[in-house]
Chemist: 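Take a look at the following structure, please.
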Amino acid sequence: MAMALTGTALGPPMSAPAHVSVLYTPDSSLSWDSIPSDMLLEVASYMRDDRYALLSLTRVCSYWRQVLVECPLNWTQISTKYPTKLLKLWLQRSKSVPIDAEICHLPPELIPLLRPKNISFRSLRCTLNKKNLLKLFEGLTKVSPNLERLELYRRSADQRSQIRLKIISGSMPSLKDLRLASIDLTPEILRLRHLVNLELAHPFPSLTAVLDLIVSNPLLEMITLSVRCAGKTDPRPNGAVMIPRLRSLTFGFYSPVPLFHRLSIPRGATVSFSLWADAEECETILPDSLEHLHNLSEVKNLYVQHRSGYWIKASGPSGEVKFEGKNDPDLELQKLPLQFVERFRYAEIRECSEAFSKEAYPGWISKVFGRSRNLKTLVIDSCKLATMKYIFRLLSPQHNRAPGAPLRRESLPCPALSTIILEVPHDGSWNDWAVPFIQMLRDRAAVGSRLQKVRIVSNPRVQIPRPGEEKRKQMAKLVRWVEVKYFWYKDGAVDERRARELFEWQHDKEGFSKDDIRVTSD
């Protein structure tokens, strides 16, 4: 008879023996020289930028040394910042494999070692003065058939005194990346056909030479130009030069107009203008016709920031354009297709806003509102109180109403507006901005344009009334959703990451902290 064991005097019930899992432990007798060579080379590939770490690996044992030294790929990154002894060692161990070289100074003993006719380059970056550049490339007609990237930066030079280096020959199908500063566009360079990235900085080439170089390289994706063309005439009409694969085009410092107007920009491209140091920053950059700027065919988002100058970004599914350093945004805004804009964000840098005069407001904001009939979301970011009250007046149908005339929807700016996100101004109390804001909401609601959402962003130091107070009740009657979000200070400074997250947040989401408020109305 089988006996059932229970937890009685016989003791606790017997459990079935548990499965015992034994962890595998490697044999402690394995030595360093048992590591597979391919694994060791994989580890070394992450240390090629650190010459001393790579050398340390070769000193672990004779096996490691043999594996690492016999692989020339480990020794292909060289720099004249290395001690001369190490530089010679790297060149010796790289054997015939093309190297990546950075040459930032040129002691006489290094010239015979670094001359391109003696070694093969995959990439070459030279930052030298005119004398050393000529020494390094003296008598040479080409660099290397394997060269993929060439950077030549002339240091401490009169920008108008340039160098003619005939170091490129033939079509050079391997050369994809070319970056030149104060180096002439020689006929050899103009014969290149396979560039993907092109940077020209501070030379004074002819307009025709730059356009010819762009036309002859249809694979170009990234172009950066900081050039003042010596000649501004070219027989090609505006928009004649197509760049079919362009992803990014950047103009820096000098007037981009002569070059830019002759280019045709494809959909999806980003065009940037950095004009902070340019004496011609007041000129209008965009041409009268945007027919050849396909990246501006659908501008959905507009961001304008006021600091020492204006920063403008217009973007959409077709691409974007950025202007950095404009003194007057109206020159470009009046040409952008703002009728498609759905989101407009305006910001003032707090450090600069104290210096803004009342006259700095601007008629350009009213023009944006007047043209943006599809505007749905307005973000007022870090603006001073006076600017905010000015914007509220523009958004009210009272602004365009004739004296004595009734409020009409036809006079309503931005009729599609449904969401306003604003940061509480740092230079005013709740009543200072809430009274004109509520009046604007009331005026819009009176003509049948009730907002769906108001989102208020504040730091905890600004006192915001609780939902039971009168003005919050008024706001809740005029807007479907009223939300308040706090962002916190870290060590006395604004938590910029937190603030950015709050401003980018647009739709109804959960996860409010205990100090957040949500007010709804039926």
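Just so you know, these numbers use all the heavy atoms, side chains as well, and skip hydrogens, waters and symmetry mates. Residue numbers run from 1 in the order of the sequence given.
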Chemist: Quick one: does S79's side chain have a donor or acceptor within less than 3.5 Å of a partner on K81's backbone?
Modeler: yes
Chemist: If you take all heavy atoms of L195 and N217, which pair is closest and at what distance?
Modeler: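 Heavy atoms of L195 and N217 come nearest at N-OD1, 2.9 Å.
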Chemist: Specify the closest pair of heavy atoms between L175 and L150, including all atoms of both residues, with the distance to one decimal.
Modeler: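 Nearest heavy atoms, L175 then L150: CD1-N, 3.9 Å.
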Chemist: Working to the nearest 0.5 Å, report the span between CG of N301 and CZ of R343.
Modeler: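 CZ of R343 is found 7.0 Å from CG of N301.
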Chemist: Take F369 and W364 through the ring pair (Phe, Tyr, Trp, His ring centres under 6.0 Å) test and state the conclusion after the steps.
Modeler: CA-CA 9 Å; F369 289 158; W364 65 264; 8.9 Å; no
Chemist: Is there side-chain contact between V454 and I421, with at least one heavy-atom pair below 4.5 Å?
Modeler: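 They are not in contact (no side-chain heavy atoms under 4.5 Å apart), so the answer is no.
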Chemist: Taking the side chain from R371 and the backbone from L336, do they hold a donor-acceptor pair closer than 3.5 Å?
Modeler: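 Pair found, side chain donor or acceptor close to backbone of L336.
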Chemist: R149 versus R179: any side-chain heavy-atom pair under 4.5 Å?
Modeler: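 A side-chain contact exists here, since the closest heavy-atom pair is under 4.5 Å.
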Chemist: So which heavy atom on P205 is nearest to which on V227, and how close?
Modeler: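 Answer, listing the atom of P205 first, then V227: CD-CB, 4.4 Å.
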Chemist: Is a side-chain N or O of N295 found less than 3.5 angstrom from the main chain of E320, in a donor-acceptor match?
Modeler: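 Yes; judged by distance alone, with no hydrogens or angles, the pair exists.
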Chemist: Starting at CD1 of I243, measure out to OG of S264 and round the result to the nearest 0.5 Å.
Modeler: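 It is 8.0 Å, given to the nearest 0.5 Å.
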Chemist: Rounded to the nearest 0.5 Å, what separation is found between the CG atom of L200 and the OG atom of S182?
Modeler: 11.0 Å
Chemist: Around Q334, counting heavy atoms of other residues, nucleotides and ligands shown, do more than 12 lie under 6.0 Å from its CD?
Modeler: yes
Chemist: Quick one: are V321 and F273 in side-chain contact, heavy atoms under 4.5 Å?
Modeler: yes
Chemist: Please determine whether a side-chain nitrogen of the Lys or Arg among D212 and R236 lies less than 4.0 Å from a carboxylate oxygen of the Asp or Glu.
Modeler: yes
Chemist: Is it the case that D234 and T208 place a side-chain donor and acceptor less than 3.5 Å from each other?
Modeler: yes
Chemist: Between the side chains of E423 and S382, is a donor N or O closer than 3.5 angstrom to an acceptor N or O?
Modeler: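 Side-chain D/A pair, E423 to S382: present.
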Chemist: Show your working on side-chain hydrogen bond (donor to acceptor under 3.5 Å, both in side chains) between S255 and R228 and close with a plain yes or no.
Modeler: CA-CA 7 Å; S255 171; R228 186 190 295 273; over 6 Å; no
Chemist: Between V457 and L422, is there a side-chain heavy-atom distance shorter than 4.5 Å?
Modeler: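 A side-chain contact under 4.5 Å is absent here.
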Chemist: Would you please classify the geometry between the H306 ring and the Y310 ring as parallel, tilted or perpendicular, with 30° and 60° separating the classes?
Modeler: parallel
Chemist: Do P98 and F121 come within less than 4.5 Å of each other through their side chains, counting heavy atoms only?
Modeler: no
Chemist: Heavy-atom distance under 4.5 Å between the side chains of V196 and M222, does that happen here?
Modeler: no
Chemist: Rounded to the nearest 0.5 Å, how far does CG of L213 lie from CZ of R193?
Modeler: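 R193 atom CZ to L213 atom CG measures 9.0 Å (nearest 0.5 Å).
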Chemist: What are the two closest heavy atoms between V368 and S372, and how far apart are they?
Modeler: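 Closest approach of V368 to S372, heavy atoms only: O-OG, 2.6 Å.
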Chemist: Strictly distance-based, threshold 3.5 Å: is any side-chain N or O of N374 a donor or acceptor partner for the main-chain N or O of Q339?
Modeler: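 Looks like yes, one N/O pair under 3.5 Å.
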Chemist: Find the distance between CD (Q452) and OG1 (T419) and round it off to the nearest 0.5 Å.
Modeler: 7.5 Å
Chemist: Please enumerate all residues that pass ring-ring contact (aromatic ring centres under 6.0 Å, His included) together with Y303, with sequence neighbours excluded.
Modeler: W311
Chemist: May I ask you to decide whether E342 forms a salt bridge with K300, counting only side-chain N to carboxylate O separations under 4.0 Å?
Modeler: yes
Chemist: May I ask you to check whether S396 and R444 show a side-chain donor-acceptor distance below 3.5 Å?
Modeler: no
Chemist: As an exercise, state the distance from CG of L246 to OG1 of T270, rounded to the nearest 0.5 Å.
Modeler: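 These two atoms lie 8.5 Å from each other.
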Chemist: Charged N to carboxylate O under 4.0 angstrom, E324 versus K322?
Modeler: no
Chemist: Do E348 and T387 have side-chain N/O donor and acceptor atoms under 3.5 Å apart?
Modeler: yes
Chemist: Is the closest side-chain heavy-atom distance between T284 and K335 below 4.5 Å?
Modeler: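 Yes. Closest side-chain heavy atoms under 4.5 Å.
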Chemist: Looking at every non-hydrogen atom in both residues, tell me the closest pair between H294 and S318 and how far apart they are.
Modeler: O-CB, 3.6 Å
Chemist: Kindly give the heavy-atom pair with the smallest separation between F260 and I285, and that separation in Å.
Modeler: CD2-O, 4.0 Å
